[in-house]
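What follows is a set of notes on a single structure, which appears directly below.
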Amino acid sequence: MARNITVAAAQMGPIQRADDRASVVARLLELMREAHAMGCRLVVFPELTLTTFFPRWIMMDQADIDAYFEAEMPGSETRVLFETAAELGIGFHLGYAELTLENGAPRHFNTAILVDGSGRIVGKYRKVHLPGHAEPDNTRSAQHLEKRYFDVGDLGFPVWRAFDGVVGMCICNDRRWPETFRVMGLQGVELVALGYNTPNTNTQTYEPYHLRMFHNHLVMQAGAYQNSTYVVAAAKAGVEDGHGLIGGSCIIAPWGEILAQAQTEEDELVVARIDLDLCTFGKESVFNFAAHRRIEHYGLICERTGAETPPE
Ligand code: ING
């Protein structure tokens, strides 16, 4: 029998540096209610979806940086998301900047949570692959200071039984690394929820605009196909204080095809009715890992971080 579930990628249009959380939460609630009205059981919001993409800005004062972080989740301004989810019986995935104390020391993570239809936090993920640079780089047309503002995620790539299936999460740059999807694939993942903030230009060299969107979909379609899992991906899109972010939010099938895709760079719901049972055939045939993988030949993947080429 089918395991049908209707899901949504809730693309967010731009969030300006001057926009307050209350105005953003109001937009998120509108998308959540629209998703519920369309029969969705899960709505996926983007990475760092409560504020502008602040890693594009140089900030030297920790208080200025911490203003973009959530010290509690739910907090006073986000609790209404959890209450509304429980009222409607819809789950959600939310990306945000997490400030937490560990052994008395502050830790800063680029985090995503999975919340079920009763408003309970089912799982948490902290971004592992932090792109960009740690020191301001004025050779770039815009900064990308994720290595400066965030610690490397320390939770691995877990999956959870939720929404009648096996659900995992990753965040933005994580999707460009096949290891991300494979570690979840080795845990039987059937739906990967992810959000992204992807600048629409390469800040280091000329790159044709269309390649940004091509690479965005390429890596997610490959991850979906090679692990026979759905991918529900929500962009923060549009121009934030003069800096453009691509859209392209989408829902991808376990055979790699895009089932639904955003048409704008604004707040937009991308919806599809999916059947989680359709992950099974790929996992039992082409990507039957137990039958086909040869881990005795894969050692370098975990033994070597950077590439080492043979001597001349
Ligand atoms: N953003 C970008 C992303 O991985 C990036 C950074 C863009 C890296 C293009 C490489 C190429 O989509 C985040 N937030 O990771």
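For ligands, and for the atoms within them, numbers begin at 1 and follow the listed sequence.
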message = Heavy-atom contacts with ligand 1 below 4.0 Å: which residues, ordered by chain and residue number?
response =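 Glu47, Phe53, Lys127, Pro131, His144, Glu146, Cys172, Asn173, Arg175, Arg176, Asn197, Thr198, Arg212.
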
ask   = According to the side-chain hydrogen bond (donor to acceptor under 3.5 Å, both in side chains) rule, which pairs have a member within residues 251-261, sequence neighbours left out?
value =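 Passing the test, one end in residues 251-261: Trp255-Glu257.
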
task = For residues Tyr149 and Phe53, establish whether the separation of their ring centroids is below 6.0 Å.
result =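 Judged by ring-centre distance (under 6.0 Å), Tyr149 and Phe53 do not meet the cut-off.
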
ask   = Below 6.0 angstrom between ring centroids: does that apply to Phe181 and Phe157?
value =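 No - the distance between ring centres of Phe181 and Phe157 does not fall below the 6.0 Å cut-off.
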
ask   = Salt bridge between Glu87 and Arg33, side-chain N to carboxylate O under 4.0 Å?
value =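 Yes.
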
key: Basic-acidic side-chain contact under 4.0 Å: Asp154, Arg126   =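 Salt bridge between Asp154 and Arg126, a charged N being under 4.0 Å from a carboxylate O: yes.
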
key: Steps toward ring pair (Phe, Tyr, Trp, His ring centres under 6.0 Å) verdict (Phe45, Tyr96)   = CA-CA 10 Å; Phe45 292 118; Tyr96 65 96; over 10 Å; no

